[in-house]
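The block underneath contains the structure these notes are about, expressed in structure tokens.
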Amino acid sequence: MSRGRRAPGHYDPRRGPANVRVVLPLAPSMTAERVRFAPSPTGYLHIGGVRTALYNWLWARKTKGTFVLRIEDTDVERSTAESTQVIFDAMKWLGLDWDEGPGVGGPNGPYFQTQRLEIYKDFADKMIERGTAYRCYATKEELDAERERQSKGGNPYFKYPGWWRDKGPKDWLDDKPYVVRLKTPKSGTTGWVDLVKGRIDVPNEQQQDVVLIRQNGMPLYNFGAAIDDLTMGITLVARGDDHVVNTPIQILIYEALGKTAPKLAHLPMINGPDGKKLSKRNAAVSVAEYRDMGFLPDAVLNYLARLGWSHGDQEIFSRAEMIEHFDWSHCGRTAAQYDLKKFQFVQSSHLRALSDTDLGALARPFLANDLKVDDARYDAAVGTVKTRATTLVETAQMVDFYFRDTLSFDEKAVAKFLVPAAAATLTDFRAHLAAQSAFDRASLEAATTAWLTEKGLQIKDVAQAARVSLTGKSQSPGLYEVLEVLGKDRSLARLEAGAAMASRTTGA
RNA sequence: GGCCCCAUCGUCUAGCGGUUAGGACAUCGGCCUCUCACGCCGGUAACCGGGGUUCGAGUCCCCGUGGGGUCACCA
């Protein structure tokens, strides 16, 4: 389909040749949808995968449907239990809860493909009976020889020649291992109306008699996915763009069983900041990394949601808003490029939207181990750094100085502002504050302004020296906020120490 | 190479035949200001090319070009 109008759900009979078999999806509707996320446990949970999971989850929640989690672990070589756990942890952290799947069960289990082997075998046998699949006893050696023969012709793309395609039970080598292959139609076209890409048709001659089940009984991806989607009652499959080439085969498997394929939606890929494939070489791709960096799950979801989907001019979404507005027809069809700057913007927006108490609680695990926090002042302290921090890690770092008995000073800041000339002013400022009974920010500002006027000074004349004395740094929340959160005693002590540091440099 | 998909500012995108082509991030000015942020105001910046269709194309069609995906007993 060209880039003009997609017509998801609307099949225009004028557009296809008569012999095209089209799996006609129902128009997108608000009837409860059964969707799934089916990762392979072969590593970390990739943020590209998270976006796929998110869109499915949003659709399930929006339609009051069911979100199924299924583990596609048929690649025994690469699948690990640790990776499976990593997926669970990441999904839980993100708050993408599943209604059916590992841990919660459900009527269509088991939800690990390696535990569904009999199911695949049954369906494969059924297909063989129907004549839509067949046993192939070709050996590895025979296949390799054929592969080599074909590649000599200059074509690196092997195609199984169909040796066993037209044989039957009487030809079976009963004691030999075999694979089950799909008897793919040799002519015609298989197509569907993709919910995000529109109409897609692929000539069947492009397909080959793919292996459905290995010699060891493990299903291959296309078969496992199709059979699971079928038996789990999945009504809409949304996945990455890279699967569009698999789709015709899966539709063919459905048809071979006399079934109708679910609705299909293929999301464009996410590229790295350099335009190349997103990988750990050009970006942080593991969900766990964002968690450890102190990103908020909602921010991760928000950023990913907007990468490939839009709702007018809105950029910041709560979970509820995403659920409310999400729609396949507003998913873009062009590959998106990952952009950390935009991600950080979304993240800090969500961070700022948090209450001091909530942010404080979330930042707590990121506090330095040796920090002894004064709970009474903690939330207020968090409040003063909220607009300045992007992540929870930064929040924790920025709030650190409030709770130190001995401040660590930034050398450059000290050298620049705690100079001899500042010592007297600092001392005087301290004395003035010592006389104040009200130590809230408004009172402090008023009192300070009065003092400045009396002394003929400007706030600029004391602010930086005071700031370094109070926080150890040249950048911090506002002076009066810092004083208020620190409290009178600590403030006075720090100012005194600061004045001492300033005058000590005189000694040189 | 076959097949399939894609093409609006640097980036994410809005746009569904008639718009001064809008918003956001980034960037550059300015305001606010005790620093740093936040916030606010403003600027620079885009329809890949060529043909059609049409009174009128970013929007529809075709051809190029350029990206991408995929061609396994991986998923």
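What you see is a predicted model; the values in this text were computed from it and never measured. Every chain is numbered from 1 and lettered A, B, ... according to where its sequence line falls, protein lines coming before strand lines.
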For this session: Let me know which of A:Val382, A:Val385, A:Val399, A:Asp379 forms a side chain to side chain contact (heavy atoms under 4.5 Å, CB included) with A:Leu359.
Result: A:Val382
Exercise. Given that A:Leu307 and A:Arg467 both sit by RNA chain B, which one's nearest nucleotide is further toward the 5' end?
Worked result: A:Leu307
Problem set entry | Base-pairing mate for B:C38 - Watson-Crick or G-U, with both contacts under 3.5 Å | none
For this session: Rounded to the nearest angstrom, tell me the gap between atom NE2 in A:His311 and atom P in B:A24.
Result: 16 Å
Problem set entry | Pairing partner (Watson-Crick or G-U wobble, both distances under 3.5 angstrom) of B:A14 | none
For this session: For B:G58 and B:A46, measure between their P atoms and round to the nearest Å.
Result: 15 Å
Exercise. Out of B:G23, B:C4, B:A37, which nucleotide sits closest to the side chain of A:Glu315?
Worked result: B:G23
For this session: For the residue pair A:Phe295 and A:Tyr290, categorise the inter-ring angle as parallel (less than 30°), tilted (30 to 60°) or perpendicular (more than 60°).
Result: perpendicular
Problem set entry | Whole-angstrom distance between B:G67 and B:C55, as gauged at atom P | 38 Å
Seminar exercise, completed: Rounded to whole Å, the CZ-P distance (A:Phe343 to B:A24) equals 21 Å
For this session: Could you work out the separation of B:C48 and B:C40 based on their P atoms and round it to a whole Å?
Result: 32 Å
Exercise. Between A:Arg352 and B:A37, does any side-chain N or O lie under 4.0 Å from OP1 or OP2?
Worked result: no
For this session: Using a 4.0 Å heavy-atom cut-off across all strands, classify A:Gly224 as base, sugar-phosphate, or nothing.
Result: nothing
Problem set entry | Touch class at under 4.0 angstrom, heavy-atom based, for A:Ser310 against every strand present | sugar-phosphate
Exercise. Rounding to the closest angstrom, what is the interatomic distance between B:C63 and B:U11 at atom C1'?
Worked result: 30 Å
Problem set entry | Pairing partner (Watson-Crick or G-U wobble, both distances under 3.5 angstrom) of B:U65 | B:A7
Problem set entry | Residues which pass side chain to side chain contact (heavy atoms under 4.5 Å, CB included) with A:His311, listed by chain and number, not counting sequence neighbours | A:Trp309, A:Gln314, A:Phe317, A:His325
Exercise. Between atom CZ in A:Phe429 and atom P in B:C34, what is the gap in whole Å?
Worked result: 13 Å
Exercise. Of A:Leu470, A:Val462, A:Leu486, which meets side chain to side chain contact (heavy atoms under 4.5 Å, CB included) against A:Leu495?
Worked result: A:Leu470
Exercise. In whole Å, what is the span from the CG atom of A:Asp327 to the P atom of B:C16?
Worked result: 16 Å
Exercise. Taking any strand in view, what nucleotide pairs with B:U27 in a Watson-Crick or G-U wobble way, both distances under 3.5 Å?
Worked result: B:G43
For this session: Treat primed atoms plus P, OP1 and OP2 as sugar-phosphate and everything else as base, then score nucleotides 66-75 of chain B 5' to 3': B for base contact with protein heavy atoms under 4.0 Å, S for sugar-phosphate contact only, - for none.
Result: ---BSBSBBB
Exercise. Do other residues, nucleotides or ligands put more than 12 heavy atoms under 6.0 Å from the NZ atom of A:Lys280?
Worked result: no
For this session: With C1' as the reference atom in both, quote the distance from B:C28 to B:G10 in angstrom, rounded to an integer.
Result: 14 Å
Problem set entry | Positive for side chain to side chain contact (heavy atoms under 4.5 Å, CB included) with A:Leu264, one of A:Val244, A:Asp194, A:Val196 | A:Asp194
For this session: Evaluate the side-chain proximity of A:Met322 to A:Leu301: yes if any heavy-atom separation is below 4.5 Å, no if none is.
Result: yes
Exercise. For the pair made of CD in A:Glu445 and P in B:U33, what is the distance, rounded to whole Å?
Worked result: 11 Å
Exercise. Across the strands shown, which category fits A:Thr334 at heavy-atom distances under 4.0 angstrom: base, sugar-phosphate, nothing?
Worked result: sugar-phosphate
For this session: Please evaluate the base of B:C36 for a donor-acceptor partner in the side chain of A:Arg388 within a cut-off of under 3.5 Å?
Result: yes
For this session: Determine the interatomic distance between C1' on B:A14 and the same-named atom on B:U59; round to the nearest Å.
Result: 13 Å
Seminar exercise, completed: Heavy-atom nearest pair, A:Tyr55 first then A:Leu304, reads OH-O, 3.4 Å
Problem set entry | Sugar-phosphate only, base, or nothing, as touched by A:Leu479 at under 4.0 Å among non-hydrogen atoms | base
For this session: Anything under 30° is parallel, anything over 60° is perpendicular, the rest tilted; go ahead and classify A:Phe326 against A:Trp328.
Result: perpendicular
Exercise. Given atom CZ of A:Arg333 and atom C1' of B:U59, what is their separation to the nearest angstrom?
Worked result: 11 Å
For this session: Using the C1' atom as the reference point in each nucleotide, state the distance between B:G51 and B:A57 in Å, no decimals.
Result: 14 Å
For this session: Figure out the OH/P separation between A:Tyr338 and B:G10, and round it to whole Å.
Result: 21 Å
For this session: Return the value, rounded to whole Å, for the distance between atom CD of A:Gln314 and atom P of B:U13.
Result: 16 Å
For this session: If B:A21 has a Watson-Crick or G-U wobble mate with both distances under 3.5 Å, name it; if not, just say none.
Result: none
For this session: Rounded to whole angstrom, note down the C1' distance from B:C9 over to B:C4.
Result: 29 Å
Seminar exercise, completed: When A:Gln475 and A:Gly308 are each assigned the nearest nucleotide of RNA chain B, the 5'-most assignment goes to A:Gly308
Exercise. What does A:Tyr480 touch in the nucleic acid at a heavy-atom separation under 4.0 angstrom: a base, only the sugar-phosphate, or nothing?
Worked result: base
For this session: Just name whichever nucleotide pairs with B:C71, Watson-Crick or G-U, keeping both distances under 3.5 Å, else none.
Result: B:G1
For this session: Evaluate whether atom CD of A:Glu454 has more than 12 neighbouring non-hydrogen atoms of other residues, nucleotides or ligands under 6.0 angstrom away.
Result: yes
